[in-house]
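What you see is a predicted model, and the numbers here were worked out from it, not measured in a lab. Order of the sequence lines sets the chain letters (A, B, ...), proteins ahead of strands, with each chain counted from 1.
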Number of protein chains: 2
Amino acid sequence: MELRHLHTFVAVAEERSFSRAADRLRIAQSAVSRTVQALERELGHPLFERSRHHVALTVAGLNALNVARATIETAESLRGAASCNERCPGR
Amino acid sequence: MELRHLHTFVAVAEERSFSRAADRLRIAQSAVSRTVQALERELGHPLFERSRHHVALTVAGLNALNVARATIETAESLRGAASCNERCPGR
DNA sequence: TTTTTTTACGACACACGTAACAATG
DNA sequence: CATTGTTACGTGTGTCGTAAAAAAA
């Protein structure tokens with residue numbers, strides 16, 4: 001599991017579309033498809049229902065989405081933490 | 001920034017040694033060295049003091065370490081969240 | 001000399017884009 | 001037929017291990 005996979009997953013979940021997620025991420029749809037497949041394979045559960053004419057999160061996907069967002073947010077905050085030359089206030 | 005980089009960084013910080021971190025991660029020391037360098041370059045701040053005979057965290061590195069651990073922990077919890085077919089209790 | 005980190009180099013794995021294919025409406 | 005997601009294939013970037021080099025004790 002890598003942060004890049006989570007970014008892709010969140011984009012698809014928010015756009016409810018592989019193609020719109022690809023546009024947002026500035027990569028090809030095929031790359032999005034492969035990344036989501038790899039993540040689903042690693043987690044052992046499908047994250048999306050591909051039936052009908054739009055993509056929908058499974059229950060597992062919905063649970064994963066919240067955690068994925070939290071993971072990304074925490075990782076981003078690491079940049080700020082590392083830029084703090086003095087001890088951060090409150091630590 | 002990727003989770004693999006954070007795992008490597010945490011291992012070096014905990015072992016206070018690139019070579020012991022490499023043993024723990026089952027990869028070559030050179031790979032550890034390159035990964036940490038890449039992370040430091042991306043964050044724009046050195047994470048370790050390489051002086052003397054052992055590796056020590058900088059202040060930026062210490063701040064980053066806590067956030068890196070939190071990021072990894074959150075990412076790991078994603079596996080459990082995705083394995084939950086019914087809605088998780090408390091949500 | 002022994003230990004530890006960094007740099008050089010060649011090989012392999014992973015991710016990408018283009019394009020063809022499948023399925024749905 | 002139009003749109004959307006998947007699969008196939010060739011290419012390029014990144015990471016690895018081995019090995020040599022540099023620095024410290």
Sequence neighbours left out, what passes side chain to side chain donor-acceptor pair (under 3.5 Å) with Ser30(B)? Give chain and number order.
-> none
Side chain to side chain donor-acceptor pair (under 3.5 Å) partners for Gln29(B), two or more places apart = none
With sequence neighbours excluded, what pairs up with [X] under the side-chain contact (heavy atoms from CB on, under 4.5 Å) test?
| X | answer |
| --- | --- |
| Arg4(A) | Thr35(A), Glu2(B) |
| Arg24(A) | Ala11(A), Glu14(A), Glu15(A) |
| Arg26(B) | none |
| Ile27(A) | Leu25(A), Ala31(A), Val32(A) |

Interface with DNA chain D, restricted to residues 11-22 of chain A and to heavy atoms under 4.0 Å = Ser17(A), Phe18(A), Ser19(A)
Measure from [atom1] on [X] to [atom2] on [N] and round the result to the nearest Å.
| X | N | atom1 | atom2 | answer |
| --- | --- | --- | --- | --- |
| Leu3(B) | dC14(C) | CG | P | 17 Å |
| Leu39(B) | dT6(C) | CG | C1' | 17 Å |
| His7(A) | dC16(C) | NE2 | P | 13 Å |
| Glu40(A) | dG5(D) | CD | P | 13 Å |
| Glu2(A) | dA13(C) | CD | P | 18 Å |

Is Glu73(A) atom CD crowded by more than 12 heavy atoms from other residues, nucleotides or ligands, each under 6.0 Å away?
-> no
Verify the contact: side-chain N or O of Arg50(B) to OP1 or OP2 of dA24(D), cut-off strictly under 4.0 Å; return yes or no.
-> no
Its contact letters, B for base, S for sugar-phosphate only and - for none at protein heavy atoms under 4.0 Å, make nucleotides 7-19 of chain D read BBB-----SBBBB
Which residue pairs satisfy the salt bridge (charged side-chain N to carboxylate O under 4.0 Å, His left out) criterion with at least one member in residues 54-68 of chain B, sequence neighbours excluded?
-> none
